[in-house]
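Residue numbers count from 1 along this sequence.
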Amino acid sequence: MQDLTEGVARFQRDVFPAKAELFAHLATHHTPHTLFISCSDARVVPELITGTEPGDLFVIRTAGNLVPAYTPEADGVAASIEYAVAALGVKDIVVCGHSACGAMTALAEDHDLSGAPAVAAWLRHADASRARTAAAGDVPALVRQNVLAQLANLATHPSVAKALAEGNVALHGWVYDIPTGRVADLTAAGPAFAA
């Protein structure tokens with residue numbers, strides 16, 4: 001906890017004053033351009049990877065960067081997606097998986113999750129990803145297939161489907177490689193790019 005309180009002190013002393021004008025603007029304006037859905041993994045920091053400023057990204061972080069397909073029941077992920085698309089009008093949605101993902105590793109290697117029943121239940125949202133992955137135990141392939149499956153799930157959300165039909169939003173699937181800092185864009189024809 002000491003690290004966090006020291007971090008707050010550094011933020012208030014060094015960062016905030018240098019960006020005071022930005023924060024004054026953000027106090028009355030909330031207009032992120034991108035919804036960024038990534039894993040909860042502490043090694044994946046969307047703002048750092050993308051070099052963005054506060055206010056640029058609307059971020060959802062879930063274990064395994066999973067996006068459940070739309071259902072009419074109350075769901076925090078669905079509510080955040082709907083708010084970002086329908087209320088904030090984001091123009092891009094990125095689903096970003098990453099190397100060495102614990103959730104995908106657990107699925108690829110059939111880890112015993114009986115001691116973590118909530119995790120096991122949550123990871124069922126990756127069943128389509130597992131089905132799309134040819135080789136059992138291939139974590140990198142599962143990570144890639146999972147990003148693509150979550151993009152398909154995103155399109156089931158009414159706000160996203162409407163924005164896609166109207167040409168108001170674009171979907172992007174990325175995989176971040178932790179040891180190299182490289183980002184592969186699975187939805188672009190070009191090669192991987194540096195973050």
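- The closest donor-acceptor contact from the side chain of T180 to the backbone of R182 lies under 3.5 Å.
- The pair R144-D138 does not meet the salt-bridge criterion, since no charged nitrogen lies less than 4.0 angstrom from a carboxylate oxygen.
- Between the side chain of N168 and the backbone N or O of G89, no donor-acceptor pair lies under 3.5 Å.
- Using modelled atom types, one side-chain atom of S40 and one backbone atom of A63 make a donor-acceptor pair closer than 3.5 Å.
- For the residue pair A78 and H157, the shortest heavy atom distance occurs at CB-CE1, 3.7 Å.
- Pairs of residues two or more places apart, or lying in two chains, never qualify as side chain to side chain donor-acceptor pair (under 3.5 Å) while including a residue from residues 77-90.
- If you take CG on N65 and OG on S38, they are separated by 7.0 Å, rounding to the nearest 0.5 Å.
- In terms of modelled atom types and a separation under 3.5 Å, the side chain of R43 and the main chain of A100 share a donor-acceptor contact.
- Listed for the T62 side chain is no donor-acceptor partner under 3.5 Å among the backbone atoms of C39.
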Mind running ring pair (Phe, Tyr, Trp, His ring centres under 6.0 Å) on Y176 and F36 for me, showing each step along the way?
CA-CA 13 Å; Y176 168 60; F36 199 96; 9.6 Å; no

Test D92 against H172 for side-chain hydrogen bond (donor to acceptor under 3.5 Å, both in side chains), laying out the working first.
CA-CA 7 Å; D92 293 285; H172 311 274; 2.6 Å; yes

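- No side-chain donor-acceptor contact under 3.5 Å links T156 and N153.
- A donor-acceptor pair under 3.5 Å is formed between the side chain of R61 and the backbone N or O of V44.
- Residue E6 qualifies as enclosed at atom CD: its count of foreign heavy atoms under 6.0 Å is above 12.
- Linking Ile, Leu, Val, Met, Phe, Trp and Tyr whenever their side-chain heavy atoms come within less than 4.5 Å puts I60 and L88 in one cluster.
- Checked against side chain to side chain contact (heavy atoms under 4.5 Å, CB included), T52 has the following partners two or more places apart in sequence or in another chain: E47, T50, D56, L57.
- Judged by distance alone, the side chain of T187 and the main-chain N or O of G173 form a donor-acceptor pair under 3.5 Å.
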